[in-house]
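I have placed the structure first, in the form of C-alpha cells, so that the comments after it can refer back to it.
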Amino acid sequence: ASLSPLLMRGGVLLSFALVAKRRLGMRVASPSAARTLDDVEVVQVEVPLRDGREVRIYEVRDHDDALDLAIGEDTDPFGAICWPSAVGLANALVDIGDLQGVDVLEIGAGTGLCSFVAKDLGAGEVTATDIAPFTLKLLRAGAEAYDVDVQRLDVRDVDAVLDVARRRRRRREKGPLLVVSSDLLYEPDLARALATALNALLREDKTVAALVADPGRAKGRRAFLDALDDAYGADLQFRTAAATRQVTTNGGSRLGAADTVGILRLRLNEVLAGSNNNAPSYK
C-alpha cells in the first residue's frame, strides 16, 4: 500500500495526531478493559457528555498504530479515535432526549459514540456503519455492550445506503429514521457523496430526518451544502454547538474548554415531533 493517499490529507492527519494525544478528556475505563485487535492494543474509554452520562467506546491506545494500519489497508485511520464532532453530535442527541420509537442510522460511525448514545437514549433499531476494516472491528467491540447492529457501508454507494433504509422499513412498518454523521466532510468528494446519499434518503421517505456535525472544514462543508437539495431552504445552515469535554486535574475532574462544531439539522422537527414531544425546536 502507498502512503500517498494519506499524504493528500495532511491537514486532517495532523488533526488526527493532535486529537489522539488530547483524548478529549476521556478516561480509560479500566486496565482490564484493554484488548488486542489485529495485533493493535485498544482501550475502552468513557466519554462524558454534558448531561452527566458516560458512554464507553473503544479507541486505539497509540495513534501511530492506527496510521500504520491505514497505510497497510490503504484506507483512513480516522475512525480509530473519537473526534470532537462526534462528541458534539452526541450532545445534540442528548438535547433531543428520549428517542423511543426512533430508529437511527449512523454513516461513518468511527468508534460508534453517537450510535451508542442513541441506544442509551432509548432509540429502537440502531445501525452503525463504516467502511474501514479495522474501524468496523472497533465498532463491534464497542457494540458488545449495546444492542447496536454494525454493518459495512460505503456512503458513495447510494443504492447500498438506500437498501439499508429499505430493509429497516420492511422490518419496522412505523417509526421515523434519524440519520446521523459526524466529521465526514474532510474531503469535498466524500462530502458530496454524503449529501447525495441524504438527498436520496430524504426524498424517498418522508419519515427520515438527519443530523450532521462538522468542525468547520470549509471546502468540504461548502461542497456538502452545494450538493444538498434546495428544498431544505432555511435549514441549510450549520449552527454552532460545543463539544464540552472533561479535563482531569490534580484536584479532580472539571468541565474544561470546548471544541466548537457545527450541527446541521434536516427535517428534525417535522419528523420527530410525532414521536417525541420533548424534542427541542431548532427553527
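No experiment lies behind these values; they were computed from the predicted model shown.
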**Request:** Apply the test side-chain contact (heavy atoms from CB on, under 4.5 Å) to residues Arg168 and Asp205: give CA-CA distance (whole Å), side-chain angles for both, the deciding distance (0.1 Å), then the verdict.
**Result:** CA-CA 12 Å; Arg168 178 202 75 100; Asp205 189 342; 4.1 Å; yes
**Message:** salt bridge (charged side-chain N to carboxylate O under 4.0 Å, His left out) for Glu204 and Arg166? Distances and angles first, verdict last.
**Reply:** CA-CA 10 Å; Glu204 179 172 286; Arg166 289 167 181 164; 2.6 Å; yes
**Asked** Can Leu201 and Val179 be said to form a side-chain contact (heavy atoms from CB on, under 4.5 Å), step by step?
**Response** CA-CA 9 Å; Leu201 286 166; Val179 182; 4.0 Å; yes
**Message:** Applying side-chain contact (heavy atoms from CB on, under 4.5 Å) to Val42 and Phe134, what does each step give before you reach the verdict?
**Reply:** CA-CA 11 Å; Val42 300; Phe134 183 77; 3.9 Å; yes
**Request:** Walk me through it: do Leu49 and Val117 pass the test side-chain contact (heavy atoms from CB on, under 4.5 Å)?
**Result:** CA-CA 9 Å; Leu49 301 178; Val117 170; 3.6 Å; yes
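Judged purely by atom type and a 3.5 angstrom limit, Arg267 uses its side chain to pair as donor or acceptor with the backbone of Val208. Proximity of a side-chain donor or acceptor of Glu46 to a complementary backbone N or O of Arg56 within less than 3.5 Å is not detected. The main-chain N or O of Gly124 is found under 3.5 Å from a side-chain atom of Lys119 such that the two form a donor-acceptor pair.
Within the 4.5 Å cutoff, no side-chain heavy atoms of Glu187 are placed close to those of Lys219. Side-chain contact between Asp103 and Val126 is absent, with no heavy-atom pair separated by less than 4.5 Å. In this structure the side chain of Ile96 reaches within 4.5 angstrom of the side chain of Leu268, judged on heavy atoms. Side-chain contact check for Glu54 versus Val47: every heavy-atom pair is 4.5 Å or farther apart. No side-chain heavy atom of Arg61 sits less than 4.5 Å from a side-chain heavy atom of Val40. Looking only at side-chain heavy atoms (C-beta outward), Pro215 and Pro84 stay at 4.5 Å or farther from each other. Taking the side chain as every heavy atom from C-beta outward, Leu105 and Thr129 approach each other to under 4.5 Å. Residues Val212 and Leu194 are in side-chain contact: their nearest non-hydrogen atoms beyond the backbone lie under 4.5 Å apart.
In plain terms, the two heavy atoms of Gly79 and Leu138 that are nearest each other are O-CD1, 3.9 Å. Nearest heavy-atom pair across Asn199 and Asp229 is OD1-N, 2.9 Å. The heavy-atom pair separating Leu139 from Phe116 by the smallest distance is O-CZ, 3.9 Å. Contact between Cys82 and Val87 at its shortest, heavy atoms only, is SG-CG2, 4.0 Å. Shortest non-hydrogen contact noted between Ala109 and Ala128 is CB-CB, 3.9 Å. Across all their heavy atoms, Ala86 and Cys114 have their closest contact at O-SG, 3.4 Å.
How far CG of Leu153 is from CG of Leu136: 10.0 Å, rounded to the nearest 0.5 Å. From Leu228, atom CG reaches atom CG of Leu266 across 6.0 Å, with rounding to the nearest 0.5 Å. Atoms OH and CD, on Tyr58 and Gln44 in that order, are 4.0 Å from each other to the nearest 0.5 Å. To the nearest 0.5 Å, atoms CG (Leu113) and CG (Asn91) are separated by 8.5 Å. Here Asp120 contributes atom CG and Leu93 contributes atom CG; the two are 11.0 Å apart, rounded to the nearest 0.5 Å. With rounding to the nearest 0.5 angstrom, the CD1 atom of Ile131 is 3.5 Å from the CG atom of Asp154.
A salt bridge between Arg50 and Asp95 is present, with a side-chain N of the basic residue lying under 4.0 Å from a carboxylate O of the acidic one. The residues Arg217 and Asp183 are annotated as salt-bridged, a charged nitrogen and a carboxylate oxygen being separated by less than 4.0 angstrom. By the 4.0 Å N-to-carboxylate-O rule, Arg152 lies too far from Asp130 to be salt-bridged with it. Salt-bridge annotation for Asp189 and Arg192: present, with a side-chain N of the basic residue lying under 4.0 Å from a carboxylate O of the acidic one. Ion pairing of Glu125 with Arg171 is present here, as a side-chain N (NZ or NE/NH1/NH2) and a carboxylate O approach within less than 4.0 Å.
Between the side chains of Thr36 and Glu41, not a single donor N or O lies within less than 3.5 Å of an accepting N or O. A donor-acceptor contact closer than 3.5 angstrom is absent between the side chains of Thr196 and Arg156.
Remark: of the listed residues Leu190, Leu184, Leu198, Leu198 is the sole one forming a side-chain contact (heavy atoms from CB on, under 4.5 Å) with Phe224.
A cation-pi geometry, defined here as NZ or CZ lying under 6.0 Å from the six-membered ring centre and within 45° of its normal, holds between Arg221 and Phe238.
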